[in-house]
Engineer: 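Structure provided below as structure tokens; questions to follow.
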Amino acid sequence: MSYTLQALVTDIGAALQLGLTMRALPDGRAIIPLVDELRAKHGLPYHPLLDEDAGLPTVLAAFCAALSQSIDAPIAYVEAEFFGGAGTQASVVWEQGHVTFGPEVSDHAINHALRVLGVRPSGDQDEFDALMLGTYRETEAWLATRS
């Protein structure tokens, strides 16, 4: 089975201020899926941090920095790609227009970014599970499916 994710995660109030299509998550958070249409509109690349040679593209950094300047909360850019159990994750966090974490590419990059946002899991969950980011296997499904 495969799993892909490319999204922004922030507080739900901040996400509402941005005016981008989002879905509510547990713990007062929201996900803004970077679906094909949104990436095309803003010229954002697909999973650039997972490309070992790409680094953080200027267009993605500028987009996220601008969004973070317009809200009063940190915003995390997250991406992941897995197939048959193998894969990796990447993340960067911005606040007030500046990178405050990352970029990180590792097996736990998303959890690390979510910790920076203040996500605190309970029990045996990690941050990823606490926000139910495994609900859908593809980024586009976050907007195609309504719960």
Side-chain angles (χ1 to χ4, degrees), residues 1-18 20-39 42 44-57 60-61 63-147:
M1 283 193 171
S2 67
Y3 174 87
T4 61
L5 179 67
Q6 186 174 15
L8 301 171
V9 178
T10 191
D11 293 343
I12 195 160
L16 289 168
Q17 289 177 332
L18 294 173
L20 299 171
T21 304
M22 51 73 98
R23 293 279 307 266
L25 296 172
D27 193 35
R29 313 296 170 159
I31 186 170
I32 301 166
L34 297 182
V35 296
D36 292 342
E37 181 181 342
L38 184 63
R39 284 196 326 273
H42 295 282
L44 304 174
Y46 179 74
H47 286 186
L49 297 178
L50 297 182
D51 179 354
E52 294 177 20
D53 299 325
L56 181 61
L60 178 62
F63 176 74
C64 292
L67 292 178
S68 75
Q69 286 179 321
S70 66
I71 58 175
D72 191 27
I75 189 166
Y77 167 80
V78 298
E79 61 183 60
E81 192 166 44
F82 288 87
F83 185 79
T88 195
Q89 307 172 3
S91 64
V92 185
V93 177
W94 282 264
E95 190 166 6
Q96 299 295 306
H98 302 284
V99 172
T100 58
F101 172 81
E104 179 181 336
V105 179
S106 74
D107 291 342
H108 303 289
I110 294 175
N111 282 336
H112 296 162
L114 296 178
R115 269 187 224 134
V116 172
L117 296 187
V119 175
R120 301 291 178 249
S122 61
D124 293 337
Q125 291 183 318
D126 62 11
E127 293 81 0
F128 187 94
D129 292 333
L131 294 189
M132 300 175 64
L133 292 180
T135 300
Y136 303 105
R137 296 210 166 274
E138 295 180 2
T139 301
E140 300 282 336
W142 282 96
L143 299 183
T145 307
R146 294 287 177 201
S147 50

Engineer: Closest heavy-atom contact between L131 and P26?
Structural biologist: CD2-O, 3.3 Å
Engineer: Is it true that, when you exclude Q125 itself, more than 12 heavy atoms of the residues, nucleotides or ligands shown sit nearer than 6.0 Å to its CD?
Structural biologist: yes
Engineer: Checking the side chain of E81 only, and the main-chain atoms of L50 only, is there a donor and an acceptor separated by less than 3.5 Å?
Structural biologist: no
Engineer: Keeping the roles fixed (side chain from E140, backbone from D36), state whether a donor-acceptor pair exists under 3.5 Å.
Structural biologist: yes
Engineer: Could you tell me whether a side-chain N or O of R39 sits under 3.5 Å from a main-chain N or O of L34, the two making a donor and an acceptor?
Structural biologist: yes
Engineer: Does the plane of the ring in Y3 sit parallel, tilted or perpendicular to the ring in F82? Use 30° and 60° as the thresholds.
Structural biologist: tilted
Engineer: Which is it for Q89 and V105 under the side-chain contact (heavy atoms from CB on, under 4.5 Å) test, yes or no, and what are the steps along the way?
Structural biologist: CA-CA 6 Å; Q89 307 172 3; V105 179; over 6 Å; no
Engineer: Counting C-beta onward and ignoring hydrogens, is there a side-chain heavy-atom pair between C64 and L8 closer than 4.5 Å?
Structural biologist: yes
Engineer: Locate the shortest heavy-atom distance separating D107 from G87; write the atom from each residue and the value.
Structural biologist: OD1-O, 4.0 Å
Engineer: Checking the side chain of Q6 only, and the main-chain atoms of P45 only, is there a donor and an acceptor separated by less than 3.5 Å?
Structural biologist: yes
Engineer: Would you find a donor on one side and an acceptor on the other, under 3.5 Å apart, between the side chain of H47 and the backbone of L5?
Structural biologist: yes
Engineer: Quick one: CD on Q17 to CD1 on I12, what's the gap to the nearest 0.5 Å?
Structural biologist: 12.0 Å
Engineer: For L16 and M22, work out which heavy atoms get closest and say how close.
Structural biologist: CD2-CE, 4.1 Å
Engineer: Output yes when a side-chain donor or acceptor of T10 lies under 3.5 Å from a complementary backbone atom of P74, and no otherwise.
Structural biologist: yes
Engineer: Measure the CG-CG distance between D124 and D129 for me, rounded to the nearest 0.5 Å.
Structural biologist: 10.0 Å
Engineer: Taking side-chain contact (heavy atoms from CB on, under 4.5 Å) as the criterion, tell me which of V119, N111, V78 meets it with F128.
Structural biologist: N111
Engineer: Could you tell me which non-hydrogen atom of P33 sits nearest to which non-hydrogen atom of A7, and how far apart they are?
Structural biologist: CA-CB, 4.0 Å
Engineer: Which pair of heavy atoms, one from M132 and one from W142, lies closest together, and at what distance?
Structural biologist: O-CH2, 3.5 Å
Engineer: Apply side-chain contact (heavy atoms from CB on, under 4.5 Å) to residues V35 and T21 and explain how you reach the verdict.
Structural biologist: CA-CA 10 Å; V35 296; T21 304; over 6 Å; no
Engineer: Quick one: pull up CG in D11 and CG in D72 and give me the separation to the nearest 0.5 Å.
Structural biologist: 9.0 Å
Engineer: What heavy-atom pair brings A14 and I71 nearest, and what distance separates the two atoms?
Structural biologist: O-CG2, 3.5 Å
Engineer: Do the ring planes of F101 and H112 sit parallel (below 30°), tilted (30 to 60°) or perpendicular (above 60°)?
Structural biologist: perpendicular
Engineer: State whether the number of non-hydrogen atoms from other residues, nucleotides or ligands found under 6.0 Å of Q96 atom CD is greater than 12.
Structural biologist: yes
Engineer: Less than 4.5 Å apart, side chain to side chain, heavy atoms only: is that true for V9 and I110?
Structural biologist: no
Engineer: Checking Y77 against E79: is there a side-chain donor and acceptor pair closer than 3.5 Å?
Structural biologist: yes
Engineer: Please tell me if the side chains of Y46 and T139 come closer than 4.5 Å, counting only heavy atoms from C-beta onward.
Structural biologist: no
Engineer: To the closest 0.5 Å, what do you measure between CG (L38) and CG (L20)?
Structural biologist: 6.0 Å
Engineer: When you measure from the side chain of E127 to the backbone of L114, do you find a donor-acceptor pair of N or O atoms at a distance under 3.5 Å?
Structural biologist: no
